[in-house]
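Atom set for the values below is all heavy atoms of this structure, side chains included, hydrogens, waters and symmetry mates excluded. In listed order, ligands and their atoms are each counted from 1.
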Amino acid sequence: MAESADVLVIGGGIAGLSAAAEIARNARVLVLEGETQIGFHSSGRSATMLHYALGDALIRALTLASRPFFDLPPDGFSAVPLGRRMAVLIHAREDERDALDRLEADISRFVRLERLDAAGVRALCPLLKPDALYGIADCDGIRLDPHALLQGFARQLRGRGGQLRTGERVAGLTREGGGWKVTTEAGNSYSSQIVVNAAGAWADVVAGLAGVRPIGLQPKRRTIITFDAPAGTDLDGLPFAKTVGDELYFAPESGRLFASPMDEVPSDPCDAQPDEFEMALAAQRIEERTIVNVERIHSRWAGLRSFAPDNHPVAGFAAEADGFFWLAGQGGAGLQTSPAMSRAAASLILGFEWPLSGVDAAQLSPARFVGQPA
Ligand SMILES: Cc1cc2nc3c(=O)[nH]c(=O)nc-3n(C[C@H](O)[C@H](O)[C@H](O)COP(=O)(O)OP(=O)(O)OC[C@H]3O[C@@H](n4cnc5c(N)ncnc54)[C@H](O)[C@@H]3O)c2cc1C
């Protein structure tokens, strides 16, 4: 007989695990992850920052609503801190000053910023070239620890009676007896009233298995390289430094520096691999903007950031299929918004009071794509 759950979550990334842990307070939850480990795809490949230069007002509101969780995680969530304080510096040349002013106005509704002149920029990040004349800094940013987060949510899920199966790739989804029958490539069957589609870059593929119309999700590849900092650099004192446009960010990483050219190359869902061109672009932009020479790329990786057509995350039941819940399109902010998104998902699934102020359920609803080409 098929194993049963109230809610079956497809995907063991940050979205699926955080939602599963939250729902497991009030329902029997089972998570199926296709890979043999959790967080293998986007959630294990991110830049791990919590900052407000990402996205727009909705992403910022979700980040703000998530912040208390990272500052004060629930008792027993993790034996190690969920991150460490790291300042976030957005810097600009003379020709980028207007863009910096606009960004400052947008972000300062959500977080306290310091305005920096050229000397202030250099004091915070001595690696930047002298043409970085202006800056805004959030001195209270967090470099998140994705492994602590993923393990914490998995532990919380199990502690609340939920289950997690890895190496269980969902291959079939059919309506049966008023619920869903879920089959996996390994030949196992499960039944549940509700399925949560938290399959990251594969969310449209999973919808297709269920006969649910795709939302038009677009995975986009992003590349990161690591390399040595100049001898004598105080790595611990460096911020996460980002150009005001989406050109380059860099930060300290395990005794070295990491950088991304902030590439957004459309991709099919896959095990994303770094591309030579974007790696070279990262090195070139580092040399344009900083005094660092990238003599050797020490390591590299790439991951997919998956976006809905309006670049906003999606949480809500599909209109055309009972019990099919979308939790997708977290784009480049899925870690830092996971506490708020998981509470939103749990409230919609369990029929509880809406938990977020400053964000409406309608803003996240898949209903906004009905009638649009997928
Ligand atoms: C380079 C880079 C930098 C980033 N920087 C940041 C940052 O600084 N801050 C931030 O907050 N976010 C950042 N992100 C974004 C963040 O990583 C993502 O938004 C987040 O990880 C998405 O989580 P997810 O659970 O939806 O996806 P995933 O982690 O990809 O999880 C989806 C899971 O579903 C599984 N799956 C798919 N199909 C099936 C199936 N049929 N059956 C079972 N399982 C299946 C997959 O194996 C996968 O494990 C970054 C991402 C990248 C790539």
Charged N to carboxylate O under 4.0 angstrom, [X] versus [Y]?
X      : Y      : answer
Lys129 : Asp131 : no
Arg169 : Glu35  : yes
Arg300 : Asp275 : no

Indicate whether the side chain of Ser299 and that of Thr226 have a donor and an acceptor atom separated by less than 3.5 Å.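 Result is yes, a qualifying pair exists.
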
Distance from [atom] to nearest protein heavy atom, with residue and atom:
atom                    : answer
atom 10 (C) of ligand 1 : Gly332 O, 3.3 Å
atom 1 (C) of ligand 1  : Arg45 O, 3.4 Å
atom 15 (C) of ligand 1 : Gly331 O, 3.3 Å
atom 23 (O) of ligand 1 : Ser43 OG, 3.3 Å
atom 44 (N) of ligand 1 : Gly34 N, 3.0 Å
atom 8 (O) of ligand 1  : Met49 N, 3.0 Å
atom 35 (C) of ligand 1 : Glu33 OE1, 3.3 Å
atom 50 (C) of ligand 1 : Ser46 CB, 3.3 Å

Could you tell me, atom by atom, which parts of ligand 1 come under 4.0 Å of a heavy atom of [X]?
X      : result
Leu32  : 43 (C), 44 (N)
Trp202 : 37 (C), 38 (N)
Gln330 : 19 (O), 26 (O)
Arg169 : 40 (C), 41 (N), 42 (N), 43 (C)
Leu335 : 10 (C), 11 (O), 12 (N)
Ile10  : 40 (C), 42 (N), 43 (C)
Ala198 : 32 (C), 34 (O)
Gly13  : 25 (O), 29 (O), 31 (O)

[X], any N or O under 3.5 Å of ligand 1 N or O:
X      : value
Ile14  : yes
Leu209 : no
Ala15  : yes

Given the ring of Phe40, does Arg45 sit roughly above its face, with NZ or CZ under 6.0 Å from the centre of the six-membered ring and within 45° of the axis?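 Here Arg45 passes the 6.0 Å and 45° test against Phe40.
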
Is [X] in contact with ligand 1, taking contact as a heavy-atom separation below 4.0 Å?
X      : value
Arg221 : no
Tyr249 : yes
Gly39  : no

Counting only heavy atoms, which portion of Leu304 has something under 4.0 Å from ligand 1: side chain, backbone, both, or neither?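 Backbone only.
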
Could you tell me whether Glu168 approaches ligand 1 through its side chain, its backbone, both or neither, with non-hydrogen atoms closer than 4.0 Å?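 Contact part for Glu168 vs ligand 1: backbone (N, CA, C, O).
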
Consider only side-chain heavy atoms of I, L, V, M, F, W and Y, link residues closer than 4.5 Å, and tell whether Ile349 and Met341 are in one cluster.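 Yes, Ile349 connects to Met341 through the hydrophobic network.
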
Below 4.5 Å, heavy atoms only, C-beta onward: do [X] and [Y] meet side chain to side chain?
X      : Y      : value
Phe240 : Arg143 : no
Leu30  : Ser192 : no
Ser365 : Trp326 : no

Can you list the residues that meet the side-chain contact (heavy atoms from CB on, under 4.5 Å) rule with Gln273, with sequence neighbours excluded?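 Applying side-chain contact (heavy atoms from CB on, under 4.5 Å) to Gln273 gives Asp271.
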
Other residues, nucleotides and ligands only: do more than 12 of their heavy atoms fall within 6.0 Å of CD on Glu276?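 Not more than 12 within 6.0 Å, no.
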
Arg112 atom CZ, over 12 foreign heavy atoms within 6.0 Å: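 Open: at most 12 neighbouring heavy atoms sit under 6.0 Å from CZ of Arg112.
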
Does the pair Glu3 and Arg165 meet the rule for a salt bridge (charged side-chain N to carboxylate O under 4.0 Å, His left out), with working shown? CA-CA 12 Å; Glu3 201 175 324; Arg165 304 269 159 78; 2.8 Å; yes

Under 4.5 Å side-chain heavy-atom separation, chaining through any Ile, Leu, Val, Met, Phe, Trp or Tyr, what else clusters with Val121? Say none if it is isolated.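 Taking Ile, Leu, Val, Met, Phe, Trp and Tyr as members, Val121 shares its hydrophobic cluster with Leu89, Leu116, Leu124, Leu127, Leu128, Ile225, Phe227, Leu235, Leu238, Leu248, Phe250, Leu257, Met279, Ile286, Ile291, Val292, Val294, Ile297.
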
